[in-house]
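Since the structure comes first, as structure tokens, the remarks are kept for the end.
All ligand and atom numbering here is 1-based and tracks the order in the structure. Both backbone and side-chain heavy atoms feed into the values below; hydrogens, waters and symmetry mates do not.
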Amino acid sequence: MKQPQPSSPVAVVGAGSIGVAFALVFARANVPVRIWDPAASRRSAVLPELEARLGDLASYDLLAEAAGTILERVTVCDELVTAVAGAQYVQECAPERVELKQELFAELDRLAPPQAVLASSSSFLLASSFAADLPGRGRCLVAHPGNPPYLIPVIELVPAPFTEGVATQRAEALLALVGLSPVHVRREVEGFIFNRLQGALLREAYCLVRDGVASVKDVDRVVRDGLGRRWAHIGPFETADLNTRGGIAAHAERMGPSYARMGAERGQDDAWTPDLVAQVERERRAILPAEEWEARVAWRDRQLMAALKARQGA
Ligand SMILES: NC(=O)c1ccc[n+]([C@@H]2O[C@H](COP(=O)([O-])OP(=O)(O)OC[C@H]3O[C@@H](n4cnc5c(N)ncnc54)[C@H](O)[C@@H]3O)[C@@H](O)[C@H]2O)c1
């Protein structure tokens, strides 16, 4: 596999919220960026917006070098063809409309060097819906970021069935190199992982407000002052694993029936079967052997203390 080259340029196509933020991610990691947008007003906004964000990052002491040095790595291009010429990787950040992405990916496949990976920031559209008919479809995939990607490192890699493994591997290597945290979505599903998890919580939040159980403010407080505090450090599986002595299998045994009743109330029948719980338990124990449970609980608590301290200083 050809390794990513920090010195060879990447192209960012579309200079709205996500495009500008991606330019910052790559430039900050010493990768030259060429960015293009069809709107002249957006092209002229790129450098001032980057300057302002770099200023904010510097004021939090989050830059390893001078803002001007980072800014110099970004070139705003007047033509798409100039932006993608010589690019090792293209991050498409255009509006979330399938016809638009179909046309744009056809252009990118025609204009970008044959070895360039073509990644879409799409939040919901699948590469199958906009790249299936292209001669170069093997190099197309979705790379869905958090917003903004220079502050939220997770990025979901979603290959279509036709995406070649080497394209996904090259995207993963480059994105990890620039400090992002790539996660594989093993098959194309609407909403990927991020928005499916977010959606599950939001659907229940709407139901709680509709049923008069809680105010909007209180739902947000339960997440902000409760669940979210832990989730800044550990995910829902690790939370369950660490919250119950005996780990996640004991959690499923004790709490599973209650969660099953809550699901049934919402018309959901996705039982935590013994096989499924055993699989989750196996994956958790591979990450955290049972004998390290106490130490990890203490680590989680220290993480919460450090965050509390940082909040007090903010
Ligand atoms: N905003 C978010 O929270 C978020 C998070 C993750 C992913 N995304 C995805 O990133 C993509 C971009 O979203 P955004 O929030 O930056 O939108 P945005 O509206 O801020 O920016 C889109 C930019 O694309 C430009 N554009 C219009 N037509 C174009 C074309 N044919 N080719 C190239 N650029 C074109 C527009 O001029 C605009 O500057 C979408 O697919 C969106 O779903 C957004």
Side-chain angles (χ1 to χ4, degrees), residues 9-27 33-50 52-53 74-85 87 89-112 116-131 134 136 140-160 163 171 175 178-185 188-199 201-202:
V10 300
V12 174
V13 172
S17 315
I18 295 296
V20 171
F22 260 118
L24 204 160
V25 168
F26 290 118
V33 181
R34 299 194 184 136
I35 183 165
W36 172 80
D37 194 289
S41 59
R42 288 307 309 157
R43 293 199 299 274
S44 54
V46 170
L47 294 178
E49 286 184 10
L50 281 174
R53 291 175 196 200
V74 180
T75 308
V76 181
C77 300
D78 287 337
E79 305 291 340
L80 177 60
V81 63
T82 328
V84 300
Y89 176 90
V90 178
Q91 184 75 41
E92 170 272 312
C93 307
E96 187 85 354
R97 293 203 302 274
V98 70
E99 301 77 19
L100 186 152
K101 292 209 196 264
Q102 277 165 351
E103 277 179 33
L104 184 55
F105 264 74
E107 276 289 274
L108 294 174
D109 194 29
R110 203 167 57 77
L111 297 175
V117 174
L118 307 182
S120 172
S121 299
S122 162
S123 303
F124 288 93
L125 295 171
L126 307 171
S128 293
S129 72
F130 56 78
L134 301 179
C140 299
L141 78 163
V142 166
H144 171 238
N147 182 19
Y150 62 92
L151 297 177
I152 310 274
V154 80
I155 183 158
E156 297 180 288
L157 298 182
V158 197
T163 308
L175 295 168
V178 300
L180 296 177
S181 172
V183 166
H184 280 263
V185 181
E188 286 188 311
V189 288
E190 185 175 10
F192 317 137
I193 303 171
F194 195 111
N195 280 326
R196 281 198 166 237
L197 289 174
Q198 188 158 251
L201 194 69
L202 202 52

Kindly say whether [Y] contributes a backbone atom to a donor-acceptor pair with the side chain of [X] at under 3.5 angstrom?
X    : Y    : value
R34  : A85  : yes
R196 : E190 : yes
Q91  : I18  : no
E92  : G14  : no

Within a distance under 4.0 Å of any heavy atom of [X], pick out the atoms of ligand 1 and give their elements.
X    : result
K101 : 40 (C), 41 (O)
P145 : 6 (C), 7 (C)
N147 : 1 (N), 2 (C), 3 (O), 5 (C)
S123 : 6 (C), 7 (C), 8 (N), 9 (C), 42 (C), 43 (O), 44 (C)
L104 : 32 (N), 33 (C)
P38  : 26 (N), 27 (C), 28 (N), 29 (C), 30 (C), 33 (C), 34 (N), 35 (C)
H144 : 6 (C), 7 (C)

Exercise for the section: Flag I18 as yes when one of its N or O atoms lies below 3.5 Å from any N or O atom of ligand 1, and as no otherwise. Expected result: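 Yes, there is a polar N/O contact under 3.5 Å.
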**Polar proximity ligand 1 side, A94 side, N/O cut 3.5 Å exclusive** =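 Checking ligand 1 against A94, an N or O pair does fall under 3.5 Å apart.
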Considering non-hydrogen atoms only, spot the tightest contact between [X] and [Y] and give its length.
X    : Y    : value
A94  : L104 : CB-CD2, 3.6 Å
V46  : A15  : CG2-CB, 3.6 Å
I152 : N147 : CG1-O, 3.7 Å

**OP:** Run the salt-bridge test on E49 and R42 with the 4.0 Å N-O cut-off and return the result as yes or no.
**Re:**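 Yes.
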Worksheet item: Just going by heavy-atom distances, which of R43, E96, R42 is nearest to atom 41 (O) of ligand 1?
Response: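 Comparing heavy atoms across R43, E96, R42, the nearest one to atom 41 (O) of ligand 1 lies in E96.
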- prompt: Which is closest to atom 22 (C) of ligand 1 by heavy-atom distance: C93, G14, A39, A40?
  reply: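 Looking at heavy atoms only, the winner is C93.
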Taking [atom] as the reference point, the nearest protein heavy atom with its distance:
atom                    : answer
atom 10 (O) of ligand 1 : S121 CB, 3.5 Å
atom 26 (N) of ligand 1 : P95 CD, 3.5 Å
atom 36 (C) of ligand 1 : D37 OD2, 3.5 Å
atom 21 (O) of ligand 1 : G16 CA, 3.2 Å
atom 20 (O) of ligand 1 : S17 N, 3.0 Å

Decide yes or no for [X] and [Y]: does some side-chain heavy atom of the first lie under 4.5 Å from some side-chain heavy atom of the second?
X    : Y    : result
I35  : F26  : no
T82  : W36  : no
S123 : N195 : yes
V185 : V142 : no

message: Side chain, backbone, both or neither: which applies to S120 and ligand 1 if a contact is any heavy-atom pair less than 4.0 Å apart?
response: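 Neither part.
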Item to complete: Take every heavy atom of E92, measure it against each atom of ligand 1, and state whether any distance is under 4.0 Å.
Response: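 Distance cut 4.0 Å: E92 fails for ligand 1.
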Exercise. Give a yes/no on ligand 1: does W36 have at least one heavy atom closer than 4.0 angstrom to it?
Key: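 Checking ligand 1 against W36, which is what was asked, there is a heavy-atom contact under 4.0 Å.
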Test item: protein heavy atom less than 4.0 Å from atom 39 (O) of ligand 1: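 Answer yes: something from the protein, a heavy atom, is under 4.0 Å.
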Short check: is a protein heavy atom less than 4.0 Å from atom 17 (O) of ligand 1?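 No, there is no protein heavy atom closer to it than 4.0 Å.
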Does the plane of the ring in F194 sit parallel, tilted or perpendicular to the ring in H144? Use 30° and 60° as the thresholds.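 Taking H144 first and then F194, their aromatic rings stand perpendicular (interplane angle over 60°).
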